There are 2 protein chains.
Amino acid sequence: MIMIIIIGVKKELDPKLLDKLEKAEYRITRQRRAVMKVMYEQKGAHLSAEEVLVAAREKAPNLGIATVYRTLDRLASMGILYKTEFNEGKYRYELADADLHQHHHILCIGCGKIFELEERLLDTLEQQLEREGFHIINHQLKILAYCPDCNKSRK
Amino acid sequence: MIMIIIIGVKKELDPKLLDKLEKAEYRITRQRRAVMKVMYEQKGAHLSAEEVLVAAREKAPNLGIATVYRTLDRLASMGILYKTEFNEGKYRYELADADLHQHHHILCIGCGKIFELEERLLDTLEQQLEREGFHIINHQLKILAYCPDCNKSRK
DNA sequence: CCAATAATGATAATCATTATCATTATGGTA
DNA sequence: TACCATAATGATAATGATTATCATTATTGG
Ligand SMILES: [Mn+2]
Ligand SMILES: [Mn+2]
Ligand SMILES: [Zn+2]
Ligand SMILES: [Zn+2]
């Protein structure tokens, strides 16, 4: 079996994470806590900023969209969230996996459904997927890295 | 050697392509020809719609941005162009490789430079890249496919 | 409590993309 | 060739996502 469909599993805010954030000169405000809580509660979901806003307002009623953007982007740049673009002209955010790299996605050209995909695999992968009934049109891999120049010149 | 940096190589519009387009109930208008010409001339470049507009207006002076978008998107959906998002909130277009799948990109987190990457590789790849001086932070793979349901239900 | 600073939220501004729609170009046909 | 149906175009308005501003509020350390 290849596919991993993760459905929303409730999960409390990880105290370790909160510590980590506090150490990173990052105040745990009511608003930020609300945003993080939403991302935890909807682990596995790919949420737009607007969707996060709606959900988080239940915990922090007059939360503003600007704060949502600020919080999501900051968490993403700390590696706590993934920020991904599913060919719809906006970004979606998702709680990151515990380990380093991001898992992958299969985006159905027909219905737009998104299938979660474990990483590692890939070589024999497409054949396997075809055997399971998918019809693969294309794939895109994006590697985020520091190039040799930039890598050298950072402290 | 892994990297492939393609620099702009002049190339005429492929007559085979024009045939293909004509067969696809697609008129070869002055405007569309201008857009395609730009993409051919700048083979290897990742152009935004706006950039295509500016370049193509040299050939079709009062070309409008709407036509550029229409043309680019149509060519992309025919597989003649790639449409990719480099984490900057807009799409870029590039002449597709002759063979099926899209090549990949390494996006430097430091300077924003984009490195072209041959496909196939990938498993031992990251290690190789690290050896060559890159520092890899993350990667994202997006597979575009028909899911089993959609695949079944299309003629 | 006070001053310095960080965070917030309302709102305006920006930017990319899409929708409208009147006008123009094209291809087939009588 | 003149005519009609239809495709294509381009100016412009509309939309939608994201970012910038900035006055107000919250927090922290003294
Ligand atoms: Mn996911
Ligand atoms: Mn490329
Ligand atoms: Zn589907
Ligand atoms: Zn760099």
Side-chain angles (χ1 to χ4, degrees), chain A residues 18-38 46-78 80-94 112, chain B residues 18-38 46-78 80-94 112:
Chain A
L18 295 180
D19 285 356
K20 183 177 170 188
L21 289 174
E22 265 169 354
K23 269 169 205 143
E25 47 135 58
Y26 195 72
R27 290 182 193 162
I28 312 298
T29 64
R30 187 166 27 87
Q31 292 88 338
R32 287 171 180 172
R33 184 181 290 272
V35 167
M36 282 188 282
K37 206 110 194 299
V38 166
H46 308 110
L47 302 175
S48 68
E50 191 62 32
E51 288 166 351
V52 172
L53 176 68
V54 170
R57 272 189 169 160
E58 292 182 13
K59 303 166 205 301
N62 42 12
L63 177 62
I65 187 68
T67 297
V68 172
Y69 274 108
R70 286 186 285 239
T71 304
L72 291 175
D73 282 344
R74 185 123 180 209
L75 292 174
S77 75
M78 293 177 73
I80 293 162
L81 303 180
Y82 298 145
K83 179 178 181 181
T84 318
E85 214 278 329
F86 290 108
N87 291 349
E88 53 179 357
K90 68 181 163 194
Y91 294 107
R92 290 187 174 276
Y93 301 81
E94 167 181 26
Chain B
L18 295 179
D19 285 357
K20 182 177 170 188
L21 290 174
E22 265 168 356
K23 269 169 203 141
E25 45 135 60
Y26 195 72
R27 290 184 193 160
I28 311 297
T29 64
R30 186 164 29 87
Q31 293 87 337
R32 286 171 181 174
R33 183 181 290 273
V35 168
M36 282 188 285
K37 204 110 195 300
V38 166
H46 309 109
L47 302 175
S48 69
E50 192 62 34
E51 288 167 352
V52 172
L53 176 69
V54 170
R57 271 189 170 160
E58 292 182 13
K59 302 165 206 298
N62 42 11
L63 177 63
I65 187 69
T67 296
V68 171
Y69 273 108
R70 285 186 286 240
T71 303
L72 291 175
D73 283 343
R74 187 124 177 206
L75 293 175
S77 74
M78 295 175 74
I80 294 162
L81 302 180
Y82 299 145
K83 179 179 181 179
T84 317
E85 214 278 328
F86 290 108
N87 292 349
E88 54 179 356
K90 68 183 163 193
Y91 294 108
R92 291 187 174 273
Y93 301 81
E94 167 181 26

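Lettering follows sequence order; numbering is per chain, from 1. If you're wondering where the values come from, they're calculated on a predicted model, not measured in any experiment.
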Task: Verdict with reasoning, A/Thr67 to A/Arg70, per side chain to side chain donor-acceptor pair (under 3.5 Å) - done: CA-CA 5 Å; A/Thr67 297; A/Arg70 286 186 285 239; 3.3 Å; yes
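Comparing atom distances between the B/Asp73 side chain and each of D/dA17, C/dA16, C/dT18 picks out C/dT18 as nearest. For A/Asn62, the side-chain atoms get nearest to C/dA10 when compared with the rest of D/dT9, C/dA10, C/dA7. Side-chain proximity of B/Ala49 to D/dA20, C/dT17, C/dT26: nearest is C/dT17. Closest to the side chain of B/Arg27, from the set C/dA16, D/dG10, D/dA8, is D/dA8. For A/Arg57, the listed nucleotide lying nearest its side chain is C/dA10; candidates were C/dA16, C/dA19, C/dA10. Candidate nucleotides C/dT8, D/dA8, D/dA11 were compared by shortest atom distance to the side chain of A/Arg70, and C/dT8 ranks first. Listed nucleotides D/dT19, C/dT8, D/dG10 differ in distance to A/Gln31; the shortest reach to its side chain belongs to C/dT8. In the set C/dG9, C/dT17, D/dT18, D/dT18 carries the atom at the smallest distance from any side-chain atom of A/Tyr91.
Once rounded to the nearest 0.5 Å, the distance linking CZ of B/Arg33 with CZ of B/Arg27 reads 15.0 Å. To the nearest 0.5 Å, the span separating NZ on B/Lys83 from CG on B/Leu72 amounts to 9.0 Å.
Distance CG (A/Leu53) to P (C/dG9): 10 Å, rounded to an integer number of Å. Rounded to an integer number of Å, the gap from CZ of B/Arg74 to C1' of C/dT17 is 18 Å. Note: CG (B/Asn87) to P (D/dT19) measures 12 Å, nearest angstrom. Going from atom CZ of A/Arg32 over to atom P of C/dG9 covers 10 Å, rounded to whole Å. Rounded to an integer number of Å, the gap from CD of B/Glu85 to P of D/dA17 is 14 Å. With rounding to whole Å, B/Ile28 atom CD1 is found 15 Å from C/dA25 atom C1'. Atom-to-atom, CD of A/Glu50 to P of D/dG16 comes out at 11 Å; the value is rounded to the nearest Å. A/Arg30 places its CZ atom 15 Å from the C1' atom of C/dA6, with the value rounded to the nearest Å.
For C/dA7, the OP1/OP2 oxygens have no side-chain nitrogen or oxygen of A/Thr29 closer than 4.0 Å. OP1 or OP2 of D/dT18 lies within a sub-4.0 Å distance of a side-chain N or O belonging to A/Tyr69.
Counting heavy atoms from C-beta outward, B/Thr71 and B/Gln31 have side chains that stay 4.5 Å or more apart.
With 3.5 Å as the limit, one finds a donor-acceptor pair spanning the side chains of B/Tyr93 and B/Asp73.
Contact annotation for A/Leu63: backbone-only contact, meaning every heavy-atom pair under 4.0 Å involves sugar-phosphate atoms and none involves a base.
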